[in-house]
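Reviewing the structure listed below.
Chain naming here is simple, since letters A, B, ... match the order of the sequence lines and numbering starts at 1 in each.
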Amino acid sequence: MNEKKSKITLIVFSGNLDKVLAALNIASGAITLGMEVTIFFTFWGLNVLRKPKVNSKIRGAIKRMMRRINRGGVDALPLSRFNMGGIGTSLMKKLMKDDRMQGVEDMLKYVKDNGGKFIACTVTMGIMGLTEEDLRSDIISGYAGVIQYISEAKDSNINLFI
Amino acid sequence: MNEKKSKITLIVFSGNLDKVLAALNIASGAITLGMEVTIFFTFWGLNVLRKPKVNSKIRGAIKRMMRRINRGGVDALPLSRFNMGGIGTSLMKKLMKDDRMQGVEDMLKYVKDNGGKFIACTVTMGIMGLTEEDLRSDIISGYAGVIQYISEAKDSNINLFI
Amino acid sequence: MNEKKSKITLIVFSGNLDKVLAALNIASGAITLGMEVTIFFTFWGLNVLRKPKVNSKIRGAIKRMMRRINRGGVDALPLSRFNMGGIGTSLMKKLMKDDRMQGVEDMLKYVKDNGGKFIACTVTMGIMGLTEEDLRSDIISGYAGVIQYISEAKDSNINLFI
């Protein structure tokens, strides 16, 4: 294992701000330590990769409704606890600023600019009512399914489901 | 590590439909790639292995109540978000059908029929008010505790807590 | 890998009683099997390490509020489901006692007394409104950030995010 570069592969299933922050903190640290970093975004985690506004033409009333009630974009992620209709989430963001903690967007850029890969899960995009047009091409490195995830994860030093 | 078969060991703690789908998707993919697959179901995850109807005689009013409010069976798993008293969950199932995505039951069968193992956690069955009679013997490969989990997990390529 | 001691590294992100129990069960099992055990507590997981009463002088009204509504201490952890204003959590604790399942405090002591390490995440202490004075020095082995986490995790046999 010595000659190979250390590697970390994360699944971000959650679309909650606190969990996404935890994931990106770990990813940023791994980048700083010179590791290979890949994050697969699936289910609610796809919200991290979404453009803030609904864009694509998609067929099916349920898909359109799902896409509408399940708001996406880096700024719309709610806390997993004490969201309180968005008030808790706003306060948390203020605390982060006061503590000079990096936000989601900053960390996405840092990881991406330093070779980290962000993959959108094609299996769940459909049931989340999302097409490639709804997602940010400036951030996404590729689209893939579970087979690519496993191939990547099976020789990683650290695997986490977040 | 080269001569050994690759191995994946999952803990399914959650009884939410979306998380269970994520777990079984990964398990199915690993089976397809020829890996050894073991899933330990614990806490709310035990609901996946439950018969839809309450069966066993169990002592203790609280255990019986827990078993009743915490509904089990593949068809009773709620979404982690937007469950909306079951409406969100029904819509999600419709979307899955439209997208020809396999359901929980199909994936359980695929994994089981191809050598995957499903283990029920004996430590938490008691506090969930469940006995072996409440669980599906057609699906379960065995009953075990945390020591067996660790023995299995410690030489796995991929370990996830879902 | 043979001459090295097996190693398990957990992140406890959740402050829910059921998830904390799962984490400590796994940690206890690993201790019993002679593995090296390290748990990093972050975000809501820091509640496990908190003194039951609010202590430290901390600047900022939002931090003080966060610390107050997000109650801490081993006895204040709520269930992730069916908490029902604390009723569900009390019933669960009764079931655990009836089944002679160890509680959080017992398992913390067992793991700690047998060489397990509990680390408080310094990155998130600030945004959770916590200082070292709010946390239990009898239980905590150290304070660290994400770089130390990754260094520990990258040669662990089992890594989980809970």
For this session: Answer with side chain, backbone, both or neither: which region of C/Ser80 has an atom nearer than 4.5 Å to a non-hydrogen atom of chain B?
Result: side chain
Exercise. So which of C/Asp99, C/Asp18, C/Asp98 actually passes side chain to side chain contact (heavy atoms under 4.5 Å, CB included) with B/Ile127?
Worked result: C/Asp99
For this session: Drop me the distance from B/Phe13's CZ to C/Ser14's OG, to the nearest 0.5 angstrom.
Result: 7.0 Å
Problem set entry | Smallest separation among heavy atoms of B/Lys154 and C/Ser6, with atom names | CD-OG, 3.9 Å
Seminar exercise, completed: Whatever's closer than 4.5 Å to a heavy atom in chain B on C/Lys94 counts as side chain
For this session: Residue by residue, scan residues 59-78 of chain B and write down, ordered by number, those that have a heavy-atom distance under 4.5 Å to chain C; if none do, write 'none'.
Result: B/Ile62, B/Lys63, B/Met65, B/Met66, B/Ile69, B/Asn70, B/Pro78
Problem set entry | Which atoms of B/Ile158 approach chain C - backbone, side chain, both or neither, heavy atom under 4.5 Å | neither
Problem set entry | Contact origin within C/Phe82 toward chain B - heavy atom pairs under 4.5 Å | side chain
Exercise. Nearest 0.5 Å, what's the CG-CG distance between C/Leu160 and B/Asn159?
Worked result: 6.0 Å
Exercise. Can you pull out the residues in residues 28-48 of chain C with any heavy atom less than 4.5 Å from chain B?
Worked result: C/Gly29, C/Ala30, C/Thr32, C/Leu33, C/Met35
For this session: Pull out the residues in residues 136-151 of chain B that come under 4.5 Å of chain C, heavy atom to heavy atom, sorted by number.
Result: B/Val146, B/Ile147, B/Tyr149, B/Ile150, B/Ser151
Exercise. Taking only heavy atoms into account, what residues of residues 102-124 of chain B are found under 4.5 Å from chain C?
Worked result: B/Val123
Exercise. So do C/Ile26 and B/Ile11 actually touch side chain to side chain, heavy atoms under 4.5 Å?
Worked result: yes
Problem set entry | Which portion of C/Met101 sits near chain B, non-hydrogen atoms under 4.5 angstrom | side chain
